[in-house]
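Start at 1 with the first residue, then count along the sequence.
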Amino acid sequence: MTSPYDKPAAVADTLTGGPRRGRPRNRVGRGVPLPLLLPALLGLAFLVLPLVALLVRTPWGTLSDQLTSPEVWQALRLSLVCATAATAVSLVLGVPLAWLLARVEFPGRGLVRALVTLPLVLPPVVGGVALLMALGRNGVVGKWLDAWFGITLPFTTAGVVVAEAFVAMPFLVISVEGTLRAADPRYEEAATTLGASRFTAFRRVTLPLIAPGVAAGAVLAWARALGEFGATITFAGNFPGRTQTMPLAVYLALQSDPEAAIALSLVLLAVSIAVLAGLRDRWTAAS
């Protein structure tokens with residue numbers, strides 16, 4: 001007599017929600033409607049073709065000379081320094097903000113979360129104008145910084161860091177908040193019942209648990225800061241050696257030296273690919 005548990009593979013897969021991991025999936029084109037396949041391939045070509053064209057038109061023979069020229073090196077060095085500083089600012093301010101949004105119930109939390117994520121959809125130029133209105137010499141806060149402490153942020157290297165942190169911090173906050181929501185809060189509660197303060201519990205228990213999310217958010221924030229253009233040129237200007245980052249140098253070089261613009265663009269492309277490769281395992285594990 002056949003046992004009721006001896007089911008065919010297809011029926012077992014249906015009852016368990018689909019084929020088991022490791023089984024080959026449907027081949028490309030098998031069961032895929034043609035009206036969906038063609039637009040998908042066109043969309044892929046639309047996204048990939050410009051990147052391929054950039055690689056094809058790259059002056060490989062003179063690439064090393066382009067990247068070692070003083071102007072290009074200045075922009076590279078300034079971009080790396082400012083992006084790293086902006087990421088550090090985002091970590092210091094963004095991780096506590098993410099913890100507040102994930103762990104503390106307070107009135108208006110949804111509004112605060114919306115305001116935190118607003119720079120993600122705000123046009124960067126608008127963000128630069130907003131920074132000028134807030135931190136400019138005649139800004140709401142900037143005039144007091146100038147009068148009391150003699151601090152002027154616009155059109156300075158520090159202004160570049162501020163502009164990049166403004167657009168990059170939301171990426172870190174979203175990543176860390178999502179990781180905090182996925183982490184079990186009972187570990188924190190157990191630490192506090194054993195006598196640890198909330199800050200000690202966060203530092204010794206929660207932070208090690210969410211370290212991968214913090215690292216992923218920091219990488220995303222760093223990459224976003226490295227590629228920032230609109231808010232930087234609006235708030236900090238475009239002064240070589242002081243505020244001219246790589247995206248600004250690309251824009252300027254495109255008008256006079258296209259080969260230098262292509263070389264700098266290739267560096268930014270390589271950084272973006274490195275970021276995607278570094279985060280691949282995290283995204284694969286989440287899928």
Side-chain angles (χ1 to χ4, degrees), residues 54 66-98 116-120 122-128 130-132 135 153-176 211-254 260-280 282:
L54 180 63
Q66 293 287 348
L67 293 179
T68 54
S69 65
E71 296 80 8
V72 172
W73 176 245
Q74 273 187 346
L76 282 170
R77 182 177 58 83
L78 185 65
S79 293
L80 294 175
V81 170
C82 290
T84 304
T87 304
V89 172
S90 299
L91 283 169
V92 171
L93 303 179
V95 173
L97 178 57
V116 168
T117 57
L118 187 60
L120 292 175
L122 193 69
V125 174
V126 177
L131 287 172
L132 276 176
L135 301 175
L153 292 175
F155 310 109
T156 63
T157 303
V160 176
V161 175
V162 170
E164 291 180 350
F166 177 77
V167 300
M169 192 186 300
F171 288 87
L172 184 135
V173 173
I174 289 176
S175 178
V176 176
V214 174
V219 171
L220 286 173
W222 186 82
R224 179 64 184 89
L226 190 68
E228 167 52 31
F229 176 83
T232 302
I233 197 171
T234 306
F235 183 65
N238 186 18
F239 301 101
R242 190 170 64 180
T243 65
Q244 187 182 90
T245 57
M246 281 199 293
L248 274 62
V250 170
Y251 176 77
L252 187 65
L254 193 60
I262 293 174
L264 279 172
S265 299
L266 189 65
V267 173
L268 291 174
L269 176 62
V271 170
S272 301
I273 293 175
V275 170
L276 289 177
L279 296 177
R280 179 181 178 276
R282 175 176 172 81

[atom1]/[X] to [atom2]/[Y] distance, rounded to the nearest 0.5 angstrom?
X: Ile273; Y: Leu266; atom1: CD1; atom2: CG; answer: 8.5 Å
X: Leu80; Y: Met246; atom1: CG; atom2: CE; answer: 5.5 Å
X: Leu131; Y: Leu153; atom1: CG; atom2: CG; answer: 9.5 Å
X: Thr87; Y: Met169; atom1: OG1; atom2: CE; answer: 10.0 Å
X: Thr234; Y: Phe155; atom1: OG1; atom2: CZ; answer: 9.0 Å
X: Asn238; Y: Gln244; atom1: CG; atom2: CD; answer: 4.5 Å

**Complete:** Taken in chain and number order and not counting sequence neighbours, the residues that satisfy ring-ring contact (aromatic ring centres under 6.0 Å, His included) with Phe239 are none
**Request:** Report the C-alpha distance between Leu268 and Leu226 in whole Å, list the side-chain angles of each, state the deciding distance to 0.1 Å, and finish with yes or no for side chain to side chain contact (heavy atoms under 4.5 Å, CB included).
**Result:** CA-CA 8 Å; Leu268 291 174; Leu226 190 68; 4.1 Å; yes
**Message:** Do Phe229 and Pro124 make a side-chain contact, defined as non-hydrogen atoms from C-beta onward lying under 4.5 Å apart?
**Reply:**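 In short, these two side chains do not touch, never coming nearer than 4.5 Å.
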**Validation row: Leu76, Leu264 side chains within 4.5 angstrom (heavy atoms)** = yes
Nearest non-hydrogen partners of [X] and [Y], listed with the distance:
X: Ala261; Y: Ala253; result: N-CB, 3.8 Å
X: Gly213; Y: Val176; result: O-CG2, 4.2 Å
X: Leu135; Y: Phe235; result: CB-CZ, 4.0 Å
X: Pro96; Y: Leu91; result: CD-O, 3.9 Å
X: Val173; Y: Ala98; result: O-CB, 3.7 Å
X: Glu228; Y: Pro247; result: O-CG, 3.5 Å

**Derivation and outcome, side chain to side chain contact (heavy atoms under 4.5 Å, CB included), residues Ile262 and Leu54** = CA-CA 7 Å; Ile262 293 174; Leu54 180 63; 3.9 Å; yes
**Asked** Where the side chain of Glu164 meets the backbone of Ala83, is there a donor-acceptor pair that is under 3.5 Å apart?
**Response** yes
**Request:** Go through the steps for Phe171 and Leu120 under the test side chain to side chain contact (heavy atoms under 4.5 Å, CB included), then give the verdict.
**Result:** CA-CA 8 Å; Phe171 288 87; Leu120 292 175; 3.3 Å; yes
